[in-house]
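One structure is given here, and the rest of the page talks about it.
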Amino acid sequence: MDGHGADLDSLPYIDKEYDDPAIRSQVLEMIQEEMGRMSPPVIPRSTSLFKNSELLRKEYERVKSGRPLPPFDIDRYKLEAPKEANIDEWQWASDNAASQLEHQSIRLVNLELLQQFGANAWKLSNFQKERMLAVIENATDGYKRTGVDLNKARKYEQVEAGVKLRDLESRWEEGVRQCIEIQVANCQLLAEISKLEHGTANST
């Protein structure tokens, strides 16, 4: 069924036929039959994710294939003296010690900044989130009110339409009844005319 050209004439506020279990079962069967004739949705076989990030794409492939997460490399956090008197190894150990010292220094700076500004930053963040929550709640309440008003207007229109439909139905039934009475009266008149004609023919 092409939904774009369909006329929707459902009046759920006044149509009570669906409350009948037999009618409801019949409607559900028609829906299932219609769904069986519908074409299945076209779903792409493959979707390429993280096209712009090789790191995320590799991690996604790892999780997708079920491979375990590689162990965390803690060697660079160790401060061990070279085992051999090799200039390159001593240079690597010196560079590693300098990087560790810089890392600890940065951690101390971050802790000092957190101690100095962390509480106020946390309060500000909470205030901003509360404001965002209030905006979202106000918008949600507005949408709910719009939905309620829409349903009220729809119910009012359908009730008004129901009154007109019942009036038209009553007038139609009255018209049908009068047509039947006229047809019955015509049949009686035809029978009487036929009887009079037969009586006149027999008298002559």
- [ ] For K51 and R57, work out which heavy atoms get closest and say how close.
- [x] O-NH1, 3.4 Å
Open item on the list: Could you work out, with salt bridge (Lys or Arg N to Asp or Glu O under 4.0 Å) as the rule, every residue matching K83, not counting sequence neighbours?
Closed with: none
Open item on the list: Please report the interatomic distance CD(Q158) to CG(L165), rounded to the nearest 0.5 Å.
Closed with: 10.5 Å
- [ ] To the nearest 0.5 Å, tell me how far E59 CD sits from R67 CZ.
- [x] 9.0 Å
Task: E173, CD: over 12 other non-hydrogen atoms inside 6.0 angstrom - done: yes
- [ ] Hey, could you give me the CD/SG distance between E174 and C179, rounded to the nearest 0.5 Å?
- [x] 10.0 Å
Task: Between CZ on residue F127 and CZ on residue R131, distance to nearest 0.5 Å - done: 5.5 Å
Task: Side-chain ion pair, K58 and E54, N-O less than 4.0 Å - done: yes
N/O donor-acceptor pairs under 3.5 Å from side chains in residues 107-114, not counting sequence neighbours:
| residue | atom | partner | partner atom | Å |
| --- | --- | --- | --- | --- |
| N110 | ND2 | I106 | O | 3.3 |

Donor-acceptor pairs are to be reported for all side-chain atoms of residues 182-192 against protein atoms at under 3.5 Å, with residues two or more places apart or in another chain.
| residue | atom | partner | partner atom | Å |
| --- | --- | --- | --- | --- |
| N186 | ND2 | I182 | O | 3.3 |

TODO: Using atom types as modelled and distance alone, determine if a side-chain donor or acceptor of S65 lies under 3.5 Å from a backbone N or O of E61.
DONE: yes
Open item on the list: To the nearest 0.5 Å, what is the distance between NE2 on H103 and CG on N96?
Closed with: 11.5 Å
Open item on the list: Check for me, please, whether W172 and V163 land in the same ILVMFWY cluster - side-chain distances under 4.5 Å, paths through other members count.
Closed with: no
Using residues 134-145 as the side-chain source, report each donor-acceptor pair under 3.5 Å to any protein atom, sequence neighbours left out, with the distance given to one decimal.
| residue | atom | partner | partner atom | Å |
| --- | --- | --- | --- | --- |
| N138 | ND2 | A134 | O | 3.1 |
| T140 | OG1 | I136 | O | 2.8 |

- [ ] Grab the two heavy atoms, one from L69 and one from R62, that are nearest each other, plus how far apart they are.
- [x] N-NH1, 3.2 Å
TODO: Please indicate whether Q178 has more than 12 foreign heavy atoms, meaning atoms of other residues, nucleotides or ligands, lying under 6.0 Å from its CD.
DONE: yes
TODO: Tell me, yes or no, whether the heavy-atom count around F50 atom CZ, taken from other residues, nucleotides or ligands under 6.0 Å, exceeds 12.
DONE: yes
Open item on the list: Please say yes or no: joined through hydrophobic side-chain contacts below 4.5 Å, possibly via intermediate residues, are M35 and L28 part of one cluster?
Closed with: yes
Task: Of all pairs that satisfy side-chain hydrogen bond (donor to acceptor under 3.5 Å, both in side chains), the ones with a partner from residues 22-32, not counting sequence neighbours - done: none
Open item on the list: Under the rule for ring pair (Phe, Tyr, Trp, His ring centres under 6.0 Å), what residues qualify as partners of F117, not counting sequence neighbours?
Closed with: none
- [ ] Write down the atom of D88, the atom of N86, and the distance for their closest heavy-atom approach.
- [x] N-OD1, 2.9 Å
Task: Shared hydrophobic cluster, W90 / W92 (ILVMFWY, side-chain heavy atoms < 4.5 Å) - done: no
TODO: Consider only side-chain N and O atoms of N126 and E130, and report whether a donor and an acceptor are under 3.5 Å apart.
DONE: no
Open item on the list: Set out, in order, the CA-CA distance, both residues' side-chain angles and the distance that settles salt bridge (charged side-chain N to carboxylate O under 4.0 Å, His left out) for R37 and E33, then state yes or no.
Closed with: CA-CA 7 Å; R37 293 197 297 266; E33 181 182 358; 3.2 Å; yes
